[in-house]
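Let me begin by presenting the structure, written as structure tokens, before commenting on it.
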Amino acid sequence: MDIKFNEKEKQFHLFNSKISYVIGICLDGEIGQLYFGKRINENQVVLDYQSAGLRPLCCNVKEEENYTKELALLEYPAFGNGDFRDPAYEILQANGSRVTNLIFSGYRIYDSKETIPGLPATYTNTDDEAKTLEIICRDEVAGIEATLYYTIWRDYPVVCRHTRIKNIGVEEFKIEKALSCNLDIPDINYELMHFEGAWGRERTPITRDVSHGIASVESMRGHSSANYNPFVIMKRKNTDEFKGEAMGFSLVYSGNFTVMTQADTFGKLRFNMGINPKWFSWPLAPQECFDTPEVIITYTQDGLNDLSQNLHKLMNNNLVRSCYKNKPRPILLNNWEATEMDFTEEKILKIAKKGKEAGVELFVLDDGWFGARNDDHAGLGDWVVNTDKLPEGITGLSKKINDMGLKFGLWIEPEMTNEDSDMYRAHPDWVLAAPNRKRTLGRHQMVLDYSKPEVVDNLYDQLYKVISTASIDYIKWDMNRSITECFSQNHDAKEQGTIYHKYILGVYSLYERLKAAFPNILFESCASGGARFDAGMLYYAPQAWTSDDTDGYERVKIQYGTSFGYPIASMGSHVSASPNLQTGRSMKIKDRANIAYFGTFGYELDLNEISEEDFAEVKEQIKFMKENRELFQYGTIYRLQSPFEHNIASWMVVSEDKKKAILTTYKKENVPNMGIEKVKLAGLNPDYQYTINSKAQMYGDYLMEAGISMSEKNKFWFESDGDHSSRIYVLEA
Ligand code: DGJ
């Protein structure tokens, strides 16, 4: 890994053993994109990137050379100089002009990388893991300095980018758009893969052709959302899980975002990503700086599994910050689906006790323990224990749970308040609400104005009191509605365009303070399930509740889709009651667990209410998970057959030394008298002989080339299984 600057040709080459990213200085001094892809020789000068020659109707910034931006590939394009595509930034100056032009003025290369003030970002553990290039550009007329940051990683085919904008003039200006990255690509033969959904069906992979016009996904909900995700893939049409070219882009941010591809009529493709510029407007006074969030960009020629695996490694090693980083996650039991808010201490202790008997390690008390919270109309904002339900408070309950030999975890939703709460009665101006307008409620609650430091301080003080006076090992931080009427009361008119972003900065700052005060707590983020599952959140909370939908089959799809961009250890996955609360579907406890193993694993039901046989099975499941959780959570995942395309879905995890692997298959419909159907495995050592479920032996090459038969009865399965049935195969070399 290194970064070289060719002074004569004015070209920067960032490279490691797998990729090269080449940047140049264009004829007019703007920063150009020269090459991004598989590693090329670092001494190669990229020559053919600036198309000169007179072209009718094109406007030339350098007339003598007929140099037009319309044909250039640019790194951080501006508005107003003849590049008629969407710019990466827009700045409204005091005189009303939006025309800008950032010209190269210097650079810096150094080991490691810097943090981004107030924002989550990847980090190095040792300085030699990465190298950073800063390219400094200036627009002297508008008084803008932009620093483009590029970090190349030693161990991953990844470049991370973000941009800092500084006002170096004498007048305030307004940033109306400041994206994290722009990548101009020299051809349009790509597909955009994004992950869409809604509550209960998050992150379904969708593939769209992008060869004409604009394709875009975004969030304007104030959080990254269940609807679209700030992780996308650009892939070639023939790229599949095992071969072909693809680039992944993951925005390290949890608020409103935009992703756009724009194919132009010269056969080039513009890709950009960052904070959504809609209703964003950031006044920047002289000498002030604004930092965009970071985007992680990865490249592969070896298909989507390789792309995901590289991202997972980077996130596990260089994004997650927690004492649970790369450590097995505790098997938990959460009371939500068992009791909702209707519980007493006695009921909770009974549920926890049964959990302990089964072998769980952590009991989590969900919503309903505080204020007047008996249903979802009241209590949010009042983080004081409800002693009618818990007479000895969280202090007493956590001690009793600890005495059983369990860790104790607690649910909070600190970004919200109800009208029926002491907090709202005392501070009606602490909620986001537009003047003289009705507030739009979501789950009967309002969003607190986290752009105000006094709101964040209040929440910190309240939560500090609860956490510091009890024995708490885990926090589930929930967030159950999107932002509407995004207006900060008592703020200047000109500040209103900053609120969405300041809101999320406020959320990050509270996380930061709580993490600093309680470094041993495991945080799990949640937003009505998976409505804020993004790389930004993983920096604070190493795991996220993947979805409120705990139905086994729905989870196959949701976890499969989520795995494209996020590590297995980040996916909260629990076994819940049957029939399932969300879908009404009945499934065997074995099939529910076979999917939940591929995640943090836990239970979300009252184990006192299941049959003795099922309880005996739960004990076995927990034992099995304890024996294998490092492999489940940190093994290399291979998606084999998609539930969106096959009746039998399948994936597997493989240990680093390839001596152990676990495969799961999930059959949606049981087809009688089925023909030959095989699932081909991946990632094994072809020369190892694997024992499968302690029953039969097969060589790695055979398993990968010929596959395992899925027929009703095979060497390892003698019972006939019905619809929605799954199998687990443990392979040991
Ligand atoms: C939504 C979460 O996703 C659920 O798991 C649960 O915590 C409820 N909120 C509690 O209100």
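Counting convention: from 1, in listed order, for ligands and their atoms alike.
Note that Lys354 lies in the cation-pi zone of Phe615, set by a 6.0 Å cut-off to the ring centre and a 45° limit from the axis. Taking the centre and axis of the six-membered ring of Phe564, the NZ or CZ atom of Arg639 falls inside the cone set by 45° and 6.0 Å.
Of the candidates Tyr474, Tyr566, Phe523, Gln543 forms a side chain to side chain contact (heavy atoms under 4.5 Å, CB included) with just one, namely Tyr474.
There is a side-chain donor-acceptor pair under 3.5 Å between Asn480 and Glu413.
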Could you go through ligand 1 and note, for every N or O atom, any protein N or O atom closer than 3.5 angstrom, writing the atom names and distance to 0.1 Å, or 'none'?
unit_1: ligand 1; atom_1: 3 (O); unit_2: Gly529; atom_2: N; d: 2.9
unit_1: ligand 1; atom_1: 3 (O); unit_2: Asp548; atom_2: OD1; d: 2.3
unit_1: ligand 1; atom_1: 3 (O); unit_2: Asp548; atom_2: OD2; d: 3.2
unit_1: ligand 1; atom_1: 5 (O); unit_2: Lys476; atom_2: NZ; d: 2.7
unit_1: ligand 1; atom_1: 5 (O); unit_2: Trp545; atom_2: NE1; d: 3.4
unit_1: ligand 1; atom_1: 5 (O); unit_2: Asp548; atom_2: OD1; d: 3.4
unit_1: ligand 1; atom_1: 7 (O); unit_2: Asp366; atom_2: OD1; d: 2.7
unit_1: ligand 1; atom_1: 7 (O); unit_2: Asp366; atom_2: OD2; d: 3.3
unit_1: ligand 1; atom_1: 7 (O); unit_2: Trp411; atom_2: NE1; d: 3.0
unit_1: ligand 1; atom_1: 7 (O); unit_2: Lys476; atom_2: NZ; d: 3.0
unit_1: ligand 1; atom_1: 7 (O); unit_2: Asp478; atom_2: OD2; d: 3.3
unit_1: ligand 1; atom_1: 9 (N); unit_2: Asp478; atom_2: OD2; d: 2.7
unit_1: ligand 1; atom_1: 9 (N); unit_2: Asn480; atom_2: ND2; d: 3.4
unit_1: ligand 1; atom_1: 11 (O); unit_2: Asp367; atom_2: OD2; d: 2.6
unit_1: ligand 1; atom_1: 11 (O); unit_2: Arg443; atom_2: NH1; d: 2.8
unit_1: ligand 1; atom_1: 11 (O); unit_2: Arg443; atom_2: NH2; d: 3.0

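Using a 4.5 Å cut-off on side-chain heavy atoms (C-beta onward), Val556 and Trp651 make contact.
The two residues Gln633 and Arg329 make their nearest non-hydrogen contact at OE1-N, 3.1 Å.
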